[in-house]
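Take a look at the structure below.
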Amino acid sequence: MPVPFPTTAILLDVREDDEWQAGHAPDAVHIPMGDIPSRAGEVDNQSEVYVVCKAGGRSARVVEYLNRVGYDAINVDGGMLAWQAAGRPIQSENDAHEARII
């Protein structure tokens with residue numbers, strides 16, 4: 001994962017809704033893994049797409065799919081756990097709760 005994150009790149013979070021709501025990267029795009037085939041068109045296929053999940057397994061499968069259908073997709077090794085461990089920001093959907101990765 002480049003430091004700083006490229007401003008022209010897209011961070012695609014493929015975790016489930018409850019995971020996203022608990023904590024996610026600011027400005028990430030959220031499309032759960034199971035919805036990718038029907039919603040991939042919501043992601044600009046002319047941009048680099050960094051794909052993230054909790055630890056990297058789900059995102060690796062999504063990267064394979066996206067690259068097969070014409071995207072320039074890159075897996076975020078270590079997922080949101082590594083993102084947070086590197087000191088990168090996270091936020092929750094509910095300001096009343098501290099952001100966390102579940």
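Each residue takes its place number in the sequence, starting with 1.
- Between Arg58 and Glu19 a salt bridge is recorded (basic side-chain N to carboxylate O distance below 4.0 Å).
- Interatomic distance, Thr8 OG1 to Gln46 CD, rounded to the nearest 0.5 Å: 12.0 Å.
- Counting all heavy atoms, side chain and backbone alike, Ala99 lies closest to Ser92 at CB-N, 3.6 Å.
- The number of heavy atoms from other shown groups lying within 6.0 Å of CD (Glu98) does not exceed 12.
- Here the shortest heavy-atom pairing between Val14 and Cys53 reads CG2-CB, 4.0 Å.
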Show me the donor-acceptor pairs within less than 3.5 Å that the side chains of residues 25-36 make with the rest of the protein, sequence neighbours left out.
| residue | atom | partner | partner atom | Å |
| --- | --- | --- | --- | --- |
| His30 | NE2 | Arg15 | O | 2.8 |

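- Val63 and Val69 fall within the same hydrophobic cluster, where Ile, Leu, Val, Met, Phe, Trp and Tyr residues are linked whenever their side-chain heavy atoms come under 4.5 Å apart, directly or through other members.
- Leu11 and Val43 are not part of a single hydrophobic cluster, where members link through side-chain heavy atoms under 4.5 Å apart.
- More than 12 heavy atoms of other residues, nucleotides or ligands shown are found within 6.0 angstrom of CZ on Arg39.
- A 4.5 Å side-chain heavy-atom check between Trp20 and Asp13 finds at least one atom pair inside the cut-off.
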Could you walk me through whether Arg61 and Glu64 pass salt bridge (charged side-chain N to carboxylate O under 4.0 Å, His left out), step by step?
-> CA-CA 5 Å; Arg61 292 192 306 241; Glu64 288 177 14; over 6 Å; no
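- A pairwise comparison of heavy atoms in Gly56 and Asn75 identifies O-ND2, 3.4 Å as the closest pair.
- Side chains of Val51 and Leu66 form a contact here, defined as non-hydrogen atoms less than 4.5 Å apart.
- When side chains are defined from C-beta on, Lys54 counts as touching Ile101, because their heavy atoms get closer than 4.5 Å.
- In this structure, CG on Leu12 lies 9.0 Å from OH on Tyr71, to the nearest 0.5 angstrom.
- For the atom pair OG of Ser47 and CG of Asp72, the computed distance is 9.5 Å after rounding to the nearest 0.5 Å.
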Could you give me the CA-CA distance, side-chain angles and deciding distance for Ile10 and Tyr50, then say whether side chain to side chain contact (heavy atoms under 4.5 Å, CB included) is met?
-> CA-CA 6 Å; Ile10 296 168; Tyr50 287 84; over 6 Å; no
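- Between Trp83 and Ile90 there is a side-chain heavy-atom pair separated by less than 4.5 Å.
- Residues Glu48 and Ile74 form a side-chain contact, since some pair of their non-hydrogen atoms from C-beta on lies under 4.5 Å apart.
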